[in-house]
Amino acid sequence: MKHIVVNRYGGPEALVTESALEPVAGPGEVCIRVAAAGVSFTDRLLRAGTYMGGPKPPFTPGYAVAGVVEHVGAGCAVVQPGDSVVALLVWGGYAEKVCIPEPLAVRVPADVDPAVLVALAFPYMTAYQLIHRAAETKPGECALYHGAAGRVGIALLELARPAGLNVYGTAASPDCGVVAELGGVPIDYAKEDFLERVRNLPGGGVDVAFDGIGGRLSVRSFRALRRGGRLVLFGHYSTLKDDRRNRLGQLEWYAATAAVVAAGTLDPHRRVLGYRIAALRDRHPFWFEVDLTKLITLYRAGTIKPIIAARIPLPEARRAHEMLEQSPGPGQIVLVPHG
């Protein structure tokens, strides 16, 4: 079979196609024939070597996959051959076939496009759990989201409506219209200071700030909280520069994270929370299935509308990563086994 391998940390050129023996499911494992593998910002962090707890080369990236179970190992009692499934692997998904522990494979309806399932299982799941699991928002609360025109940002804006959440979203000038169309209040970060803007709100800030960028922005986001506010840290965008590891950005990320965590510990009226989708899945595996079922229901109802930006053949993973860097908009890029 074909799979993509990172033999050294680097930019998109570090992604190479190699052949390998087809995997065989061991006891308690299922083998999935991958129909779609999501291409995400997290995959870029893995490839660059800035993802916390990530693998060392050589490894196969690929956080989320959707496909069909080809065979199962001894002891599998829930998932069966022929089942359509979604799985969060963290890495390993850029392959024609993957073997994973049975509990990671979540059965899904066979009539939903695998590319859509990947979008629901990662960017939309992230947004949904930020709102409902990490921040535990209440209807009528006010939130700040950085990078609101990105993939998770668009998903969060769509999901904010049924949650009754009011969102102020920072974005580049050309993207502010998209934020407004989806019901958010855009803040052009090139022309306006978000901290000054939200501090002029009733209560002197927002109830929740979602920060997937990190670094100095985390400190300012903490200052944007009103009494009772929560800052949710969930990403490491600042650790990349020109699609490669940014060592200064890494130092700033760790220093700022430590500073805001300390501030949240000392401040009795504001909290700092962390969110990692795979960590929450491991702590509460049933939540992932419950939340994915809810997202599929919202998709069928037309409440959320995942955009599939491109379907790229698996051997062209480098091109997919170049596209992701050049166009960080709302659409989901997926790798497929055939063009």
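Predicted model only: the values in this text are computed from it and were never measured.
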Output for pair (L273 CG, D211 CG), nearest 0.5 Å, gives 12.5 Å
Tightest non-hydrogen contact, residues V260 and S218, listed as CG1-O, 3.5 Å
Here the gap from T303 atom OG1 to L295 atom CG, rounded to the nearest 0.5 Å, amounts to 10.5 Å
Q) So, are D267 and R270 salt-bridged, with charged N and O less than 4.0 Å apart? A) yes
The reported gap from CD in Q129 to CZ in R276 (rounded to nearest 0.5 angstrom) is 14.0 Å
Whether R47 side chain and L15 backbone form a donor-acceptor pair below 3.5 Å
no
Does a side chain donor of either Y94 or D43 reach within less than 3.5 Å of an acceptor in the other side chain?
yes
Nearest heavy-atom contact between L46 and F59 is O-CZ, 3.3 Å
Q | Carboxylate-amine/guanidinium contact R33 E70, below 4.0 Å | A | yes
Does the side chain of N166 come under 3.5 Å of the side chain of E141 through a donor N or O and an acceptor N or O?
no
query = Is the shortest side-chain N to carboxylate O distance from E13 to R318 below 4.0 Å?
reply = no
I187 backbone acceptor or donor facing T170 side chain under 3.5 Å
no
dist H3:NE2 -> L21:CG (nearest 0.5 Å) comes out at 9.5 Å
Side chain to side chain contact (heavy atoms under 4.5 Å, CB included) test vs I333 passes for just one of H321, R311, R151, namely R151
What one should report as the nearest heavy-atom pair of F210 and V208 is CZ-CG1, 3.5 Å
Checklist entry - For atom OH of Y299, is the number of surrounding heavy atoms from other residues, nucleotides or ligands below 6.0 Å larger than 12? => result no
### Query
Going only through I, L, V, M, F, W and Y residues with side-chain contacts under 4.5 Å, is there a path from V152 to Y51?
yes
Original post:
Centres of the F194 and H146 rings: under 6.0 Å?
Top reply: yes
Looking only at heavy atoms, the pair that brings V334 and G38 closest together is CG1-CA, 4.4 Å
Closest non-hydrogen atoms of I277 and F122, given as atom of the first, atom of the second and distance, are CG2-CE1, 3.7 Å
- Side-chain donor or acceptor of D188 paired with backbone N/O of A190 under 3.5 Å: yes
*R197 side chain to E192 main-chain N or O, any donor-acceptor pair under 3.5 Å?*
no
Does NZ or CZ of R281 fall inside the cone over W287's six-membered ring, less than 6.0 Å from its centre and within 45° of the axis? no
When K138, R230, R226 are each screened for side chain to side chain donor-acceptor pair (under 3.5 Å) with D207, the one that passes is R226
Can a donor-acceptor pair be found, under 3.5 Å and without considering hydrogens, that links the side chain of D291 to the backbone of F288?
no
- Tell me whether F41 is reachable from Y275 by hopping between hydrophobic residues (I, L, V, M, F, W, Y) whose side-chain heavy atoms are closer than 4.5 Å. yes
Within the supplied structure, the quantity of interest is the number of heavy atoms (other residues, nucleotides, ligands) at a distance under 6.0 Å from R271 CZ; does it exceed 12?
no
The side chain to side chain contact (heavy atoms under 4.5 Å, CB included) partner of R107 among L292, V69, V86, V78 is V78
_Looking at E181 and V178, would you say the former's side chain and the latter's main chain have a donor-acceptor pair under 3.5 Å?_
no
Any donor-acceptor pair under 3.5 Å linking the side chain of H71 with the backbone of A25? yes
**Message:** Quick check on Y189: does its OH atom have over 12 non-hydrogen neighbours (other residues, nucleotides or ligands) under 6.0 Å away?
**Reply:** no
query: Can any side-chain N or O of E102 pair as donor or acceptor with the backbone N or O of V30 at less than 3.5 Å?
result: no
Tightest non-hydrogen contact, residues A160 and V167, listed as CB-CG2, 3.7 Å
R44 to Y63, cation-pi by 6.0 Å centre distance and 45° axis angle: no
Requested in this report: Is it possible for you to say whether V34 and L104 belong to one hydrophobic cluster, with membership spreading through side-chain heavy-atom contacts below 4.5 Å?
Outcome: yes
